[in-house]
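Worth saying up front: this structure is predicted, and the values here are computed from it rather than measured. Every heavy atom of this structure was used, including side-chain atoms; hydrogens, water molecules and symmetry mates were not.
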Amino acid sequence: MDRYRAVVFDYGGVLVLVDRLEQCRALARHSPLAPEQILERIWGGELEREAETGRYDSREQFRRVKERIQGEAAWSYEQFREEFAEGFQLNPEGLEALRHAVSRGLRTFVLSNTSYLHSLRLFNYEELATLPESYVFSFKVGAMKPDPAIWRHLLAATGLRARQCIYIDDEPAFCRAAERLGFTAIHYARGGTNLLQRLEELL
């Protein structure tokens with residue numbers, strides 16, 4: 001087997017922790033709906049999939065969210081940009097693993113299902129913006145995990161082979177999809193996985 005040459009990190013759930021309900025509390029300031037109702041209406045369906053595969057831009061995403069949650073007429077896109085980024089928090093365990101991979105001379109990448117507006121939130125953290133070599137975002141690629149196309153895009157862009165890469169994700173189904181392509185996957189469960197130890201065991 002080729003020596004590992006790269007570590008590929010998921011964004012939300014690994015490098016950054018995401019509280020979607022907190023985000024929906026921010027949106028609820030402009031809606032008659034409760035945060036829990038907003039959560040049901042904007043996540044897990046076609047609205048999320050189309051935004052995260054780049055079917056429309058962020059202004060159209062705002063228009064659709066506003067309509068879906070009966071947003072007040074005065075609610076602006078500029079307000080939405082700020083509020084839609086709430087609920088994100090840097091994950092120290094993910095950052096530690098990223099730093100370790102870089103210190104070992106490995107190439108590092110971020111591969112994530114995300115929309116344009118949520119991708120921007122990553123760059124608020126300087127090390128997440130500077131340490132990875134590059135980023136593969138679903139809204140740019142037009143494919144979401146577990147579609148193999150998103151991982152194949154990474155391999156084509158970097159010249160790497162799947163067997164040369166470690167892939168880290170908090171979703172077991174996405175880990176299995178990566179493994180089917182030949183990646184070595186680490187399933188990260190916050191509070192249940194010593195991510196740095198697992199990475200060191202492989203390296």
Verify the neighbour count for atom CD of Glu78: are there more than 12 heavy atoms of other residues, nucleotides or ligands below 6.0 Å? yes
Pairwise distance CG(Asn194) to CD(Glu201) - rounded to 0.5 angstrom: 8.0 Å
State, to 0.1 Å, how close Ala162 and Leu155 come at their nearest heavy-atom pair, and which atoms those are. N-CD2, 3.8 Å
Start with the C-alpha distance between His187 and Thr193, add both sets of side-chain angles, then the distance that settles side chain to side chain contact (heavy atoms under 4.5 Å, CB included), and finish with yes or no. CA-CA 8 Å; His187 171 229; Thr193 305; 5.6 Å; no
If every non-hydrogen atom of Met144 is compared with every non-hydrogen atom of Ser138, which pair is closest and at what distance? CG-CB, 3.9 Å
With hydrophobic residues grouped by side-chain heavy-atom distances under 4.5 Å, do Leu195 and Leu111 end up in a single group? no
Report yes if the side chains of Val8 and Ile166 come closer than 4.5 Å at any heavy-atom pair, otherwise no. no
Taking the side chain as everything from C-beta on, heavy atoms only, tell me whether Val141 gets closer than 4.5 Å to Asp147. no
Does any N or O in the side chain of Ser31 come within less than 3.5 Å of the main-chain N or O of Ile69, such that one atom is a donor and the other an acceptor? yes
Flag yes if Leu128 and Leu154 sit in one hydrophobic cluster, no otherwise; membership is Ile, Leu, Val, Met, Phe, Trp, Tyr, and two members link when side-chain heavy atoms are under 4.5 Å apart. no
Indicate yes or no: at least one non-hydrogen side-chain atom of Thr108 is less than 4.5 angstrom from one of Leu98. yes
Do Phe137 and His118 make the cut of ring centroids closer than 6.0 angstrom? no
Closest non-hydrogen contact found for Arg121 with Ala85 is NE-O, 3.2 Å
Measure the spacing between CG of Leu202 and CD1 of Ile186 and express it to the nearest 0.5 Å. 5.0 Å
Within this structure, what is the CZ-CZ distance for the pair Arg161 and Arg5, rounded to the nearest 0.5 Å? 9.5 Å
Arg81 side chain near Leu117 side chain, heavy-atom distance below 4.5 Å: yes
Would you call Lys145-Glu171 a salt bridge at under 4.0 Å N-O? no
Given side chains that start at C-beta, do those of Leu15 and Leu95 come closer than 4.5 Å, heavy atoms only? no
Heavy-atom pair of closest approach, residues Tyr56 and Ala51: OH-N, 3.6 Å
To the nearest 0.5 Å, tell me how far Phe62 CZ sits from Tyr77 OH. 9.5 Å
Quick one about Thr184 and Tyr4 (side-chain donor to acceptor, distance below 3.5 Å, no hydrogens or angles considered), yes or no? yes
Contacts of type ring-ring contact (aromatic ring centres under 6.0 Å, His included), residue Phe109, not counting sequence neighbours: none
Distance-only side-chain donor-acceptor flag, Ser58 / Gln61, under 3.5 Å: no
In this structure, would Leu17 and Phe84 fall into the same cluster of hydrophobic residues linked by side-chain contacts under 4.5 Å? no
Would a distance-only check, ignoring hydrogens and angles, find a side-chain to backbone donor-acceptor pair under 3.5 Å from Glu52 to Arg49? no
Let me see the working for Trp75 and Glu83 under side chain to side chain contact (heavy atoms under 4.5 Å, CB included), right down to the final yes or no. CA-CA 11 Å; Trp75 189 18; Glu83 293 154 349; 3.0 Å; yes
Could you tell me whether a side-chain N or O of Arg25 sits under 3.5 Å from a main-chain N or O of Arg20, the two making a donor and an acceptor? no
Separation between CD of Glu22 and CG of Asp19, rounded to the nearest 0.5 Å: 5.0 Å
Give the minimum heavy-atom separation between Ile150 and Ser112, together with the two atoms involved. CD1-O, 4.0 Å
Is there side-chain contact between Asn91 and Val16, with heavy atoms separated by less than 4.5 Å? no
Ignoring hydrogens, what is the shortest heavy-atom contact between Tyr125 and Gln89? Give both atom names and the distance. OH-CA, 3.6 Å
Report the C-alpha distance between Arg190 and Glu93 in whole Å, list the side-chain angles of each, state the deciding distance to 0.1 Å, and finish with yes or no for salt bridge (charged side-chain N to carboxylate O under 4.0 Å, His left out). CA-CA 9 Å; Arg190 188 184 182 211; Glu93 293 177 329; 5.3 Å; no
Is atom CD of Glu60 surrounded by more than 12 heavy atoms (other residues, nucleotides or ligands) closer than 6.0 Å? yes
Set of ring-ring contact (aromatic ring centres under 6.0 Å, His included) partners for Phe123, sequence neighbours left out: Tyr135
Ion pair Arg29/Glu86, N-O distance below 4.0 Å: yes
Shared hydrophobic cluster, Ile168 / Val110 (ILVMFWY, side-chain heavy atoms < 4.5 Å): yes
Do Glu179 and Arg176 meet the salt-bridge criterion of a basic N to acidic O distance under 4.0 Å? no
Under a 4.5 Å cut-off applied to non-hydrogen side-chain atoms, are Cys175 and Tyr188 in contact? no
In Phe174, Trp151, Phe9, the residue satisfying ring pair (Phe, Tyr, Trp, His ring centres under 6.0 Å) with Tyr167 is Trp151
Sequence neighbours left out, cut at 3.5 Å: what donor-acceptor pairs do the side chains of residues 37-46 make with other protein atoms?
residue : atom : partner : partner atom : Å
Gln37   : OE1  : Ala34   : N            : 2.8
Arg41   : NH1  : Arg68   : O            : 3.0
Glu46   : OE2  : Arg68   : NH2          : 2.5

Is there a side-chain contact between Gln23 and Phe88, using heavy atoms and a 4.5 Å cut-off? yes
Separation between CD (Glu36) and SG (Cys24), nearest 0.5 Å, reads 8.5 Å
Hydrophobic clustering (ILVMFWY, side-chain heavy atoms < 4.5 Å, transitive) - are Leu120 and Leu27 grouped together? yes
